[in-house]
> 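Pasting a structure below so you can have a look.
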Amino acid sequence: MAGCTQAGVGGFPAAPVRPARLTGLIGLIVHLTALTRRPAARLFILLTGLLVLAGCGSVVDADQARLCRAVAPALHDERLEVIENALVPVPGAPTALKYTYRTRSERGQTPHWLICTFAAQTGAGRFNLIAVDTDRGSLSDIKLLILKRWWLEDAQPGAAARAFFRLNPRAAYWLQQGLGGLVMAGVYGLIATGFSLVHGLLGRINLAFGEIAVIAGVYMLIAVGVASDVGRLGPLALTLALLAGIGGAALVSWVVGRLVVVPLATRTSSPQPVLIATIGLAVAFAELLRLTSADRVNWLPALLNRPLYIAGHEGFIATATPAQLLAGGLALTGISLLLGIMAFSRFGLFWRAHAQDPLMAAMLGINVPGLRARTFLLAGAAAGLAGGVIVIAFGTISPGDGLSITLKALISAVIGGIGSVPGAFLGAALVAAVETGWSSAFDIAYRDVVTYALLVAFLIMRPGGLLNRAAQTPREY
C-alpha cells in the first residue's frame, strides 16, 4: 500500500510499508488481541493497535496542493481550460506532488503532468517551491523565480466581482472572524458534551476526551489513505471515513469507561483517581500517535478547499471554503442531534433520572450498567465527530492538539454548568466568541490568559455556570 509508512528509527528516514508488512502488522494486532479473555480488554488492544497504522493516512498537504494547482495555468495560454485529473504524492519523494491534468480548447483535449517539489514537509519550508518538472521539461531557475514572484505571490482572483453580498470592509472583517470561530465553537461544544454526560452521571471528569477526538481524526485519515489507494476519493468514501472515525472514538470511549472510569468511580468517592488515570491515558494515547507517525504529517486530500467569496467590498472580502462550511454544518448538526436525544429519547429520560437520584433510578428498573455504557458511547461519538470536524476544516490533526482541546472544552463545560448538556454548548459558544473577538481586536498572545481569566471569574461569581447548575444540584435538562 503506497500510502503507508512507518516511523523512522535511530535517525533513519521512514520507509514505505508494503502490503506484506502491513498484513504482518495486522496479524500481530490480532494475535495480541487473542491473548486476553476479557472482551473489553480485547477491544482496547485492537483499537489502540490500529493506531500503529497511522502512517496510512494521506500525505497531500492542502497548502502545497493549492500552490501546485496554481502552477498549471501559468504554463499554458490563458484561453485554454485546465481540467484536473489527479493530485498525488510522488513515491520516494516525500516533498513532491504530481499533478496530472488536461487542457481543453476548440481542437480537443491534451493530457499533461507536472511535479512540484517543495523545500520541506513541515514548517515554513513547505511553502517554498524549489523545482517544477513538466512533461515538456523542467523549469529553469529564472522561469521558476518569475513563476513564484509574479504569479504565485501576486496573482489574485477578482474576488470583489464574485462576492455574494456587498458589505463594508469592517463588517466583512467581523463576518470573517465569525465564520472562523464557528468551527471551534462546534468542536468545543461537542467535546464539552462528553464531559457533561459523564460528570452528570458519575460525578467524574474524563480528561482523555481531547485525545479521543484526535484518535478519531487519525482513524479518519487512515480510512482516507486506504480509500485513496483503492480508488479515487469521493463523497461516499469520505463519509465512510468520517463514520469510521466516529465509531472508533465511541468504542475507545466505551472501553475507557468500562476498564478505567467506572471501576475507579465505584471503588472510591474521591474524584482524584479518575483524573489521574485519564490524564495518564491521554499522555499514553498522545505518545503512541506521535511514535507511529513521527516523520510525517498526515493530511486530508485537498477537497473542497477553493475559497468562496461571501461578502465584502473594496479592501476586504470575507471568504470561506466549502470544507469549512461543511465542517461547521456537521458540528451544528451533531449538536442538534445531541440536544434532541437528551430532550426526547428514552435514553435522555433515563439519564436525567439517574443524574438526579441514582439509587431511585436503579430501584425503578433502569438498567444502570447499560445506561453507563450508552453514555460513554454517546460521549465518545461526540468527541469523534469533533475530531472529524477538525480534519475536514483544517486538513489534519496532530497528537499535541488533544491537550489544548481538552482544556478549552473543559472550560466550556464548567462555564456552561458542569453536568448540563445545553450548558456545555452555551459555554462553548461563549469561549469561542471570546477567543475570536480577542484575537481579532487585540494581541493574540494574551488570548489564553483572557480565556482562563474568564473561567476564574465564573468560578468566583457564578460557580454554577451560565445555567446556575452547581455540581451538587440535580441535573435537569
Side-chain angles (χ1 to χ4, degrees), residues 2-3 5 7-8 11-16 55 57-105 107-159 225 228 293-307 309 317 319 321 323 394-396 398:
T5 63
F12 291 95
S58 171
V59 291
V60 177
D61 187 314
D63 293 310
Q64 292 180 347
R66 174 180 55 81
L67 291 172
C68 199
R69 283 193 176 104
V71 171
L75 303 179
H76 301 279
D77 191 289
E78 61 181 6
R79 292 171 294 182
L80 297 178
E81 180 183 3
V82 176
I83 304 173
E84 177 179 340
N85 289 336
L87 180 64
V88 296
V90 178
T95 61
L97 297 176
K98 184 175 183 179
Y99 182 55
T100 57
Y101 61 97
R102 308 187 308 275
T103 55
R104 182 165 60 186
S105 64
R107 298 180 180 179
Q109 299 185 9
T110 305
H112 296 282
W113 60 265
L114 60 88
I115 295 177
C116 302
T117 304
F118 296 87
Q121 278 187 288
T122 59
R126 68 188 181 92
F127 297 101
N128 184 14
L129 182 65
I130 60 175
V132 175
D133 299 311
T134 73
D135 55 316
R136 294 176 291 179
S138 301
L139 294 188
S140 65
D141 293 341
I142 296 298
K143 289 183 178 180
L144 181 62
L145 177 63
I146 294 174
L147 174 72
K148 294 167 62 176
R149 177 62 183 88
W150 282 280
W151 180 263
L152 296 181
E153 292 186 5
D154 290 348
Q156 299 291 336
S228 299
S293 55
D295 294 332
R296 54 182 281 154
V297 176
N298 289 337
W299 286 86
L300 189 71
L303 303 171
L304 306 176
N305 66 337
R306 297 184 179 181
Y309 301 95
I317 307 294
T319 64
T321 64
F394 304 108
T396 188
S398 303

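In this chain, numbering begins with 1 at the start of the sequence shown.
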> Provide the closest heavy-atom pair for A65 versus L87 in the form atom of the first, atom of the second, distance.
CB-CD2, 3.2 Å

> Kindly compute the distance separating CG (L97) from CZ (R69), expressed to the nearest 0.5 Å.
9.5 Å

> Do the rings of Y101 and H76 sit parallel, tilted or perpendicular, given the 30° and 60° boundaries?
perpendicular

> Less than 4.5 Å apart, side chain to side chain, heavy atoms only: is that true for P111 and T100?
no

> Hey, does the side chain of S105 reach the backbone of L80 with a donor-acceptor pair shorter than 3.5 angstrom?
no

> Provide the closest heavy-atom pair for A120 versus T95 in the form atom of the first, atom of the second, distance.
C-CG2, 3.8 Å

> Atom CZ in R79, atom CG in D77: separation rounded to 0.5 Å?
4.0 Å

> Over all heavy atoms of both residues, which pair between C116 and L129 is shortest? Give the atoms and the distance, please.
CB-CD1, 3.7 Å

> Measuring from D133:CG to L139:CG, what's the distance to the nearest 0.5 Å?
8.0 Å

> Could you report the tightest heavy-atom contact between L152 and A70, atom names first, then the distance?
CD2-CB, 3.7 Å

> Whether the side chain of K98 engages the backbone of W113 through a donor-acceptor N/O pair (distance < 3.5 Å, no angle test) should be reported.
no

> Can any side-chain N or O of W151 pair as donor or acceptor with the backbone N or O of P73 at less than 3.5 Å?
no

> For the atom pair CG (L147) and CD1 (I142), what is the distance rounded to the nearest 0.5 Å?
13.0 Å

> Please report the shortest heavy-atom distance between A131 and L144, naming the atom on each side.
N-CD2, 3.9 Å

> For I130 versus F118, what's the shortest heavy-atom pair and its separation?
CD1-O, 3.7 Å

> Please report the interatomic distance CG(N128) to OG1(T117), rounded to the nearest 0.5 Å.
11.0 Å

> Between atom NE2 of H112 and atom CG of L75, what is the distance when rounded to the nearest 0.5 Å?
9.5 Å

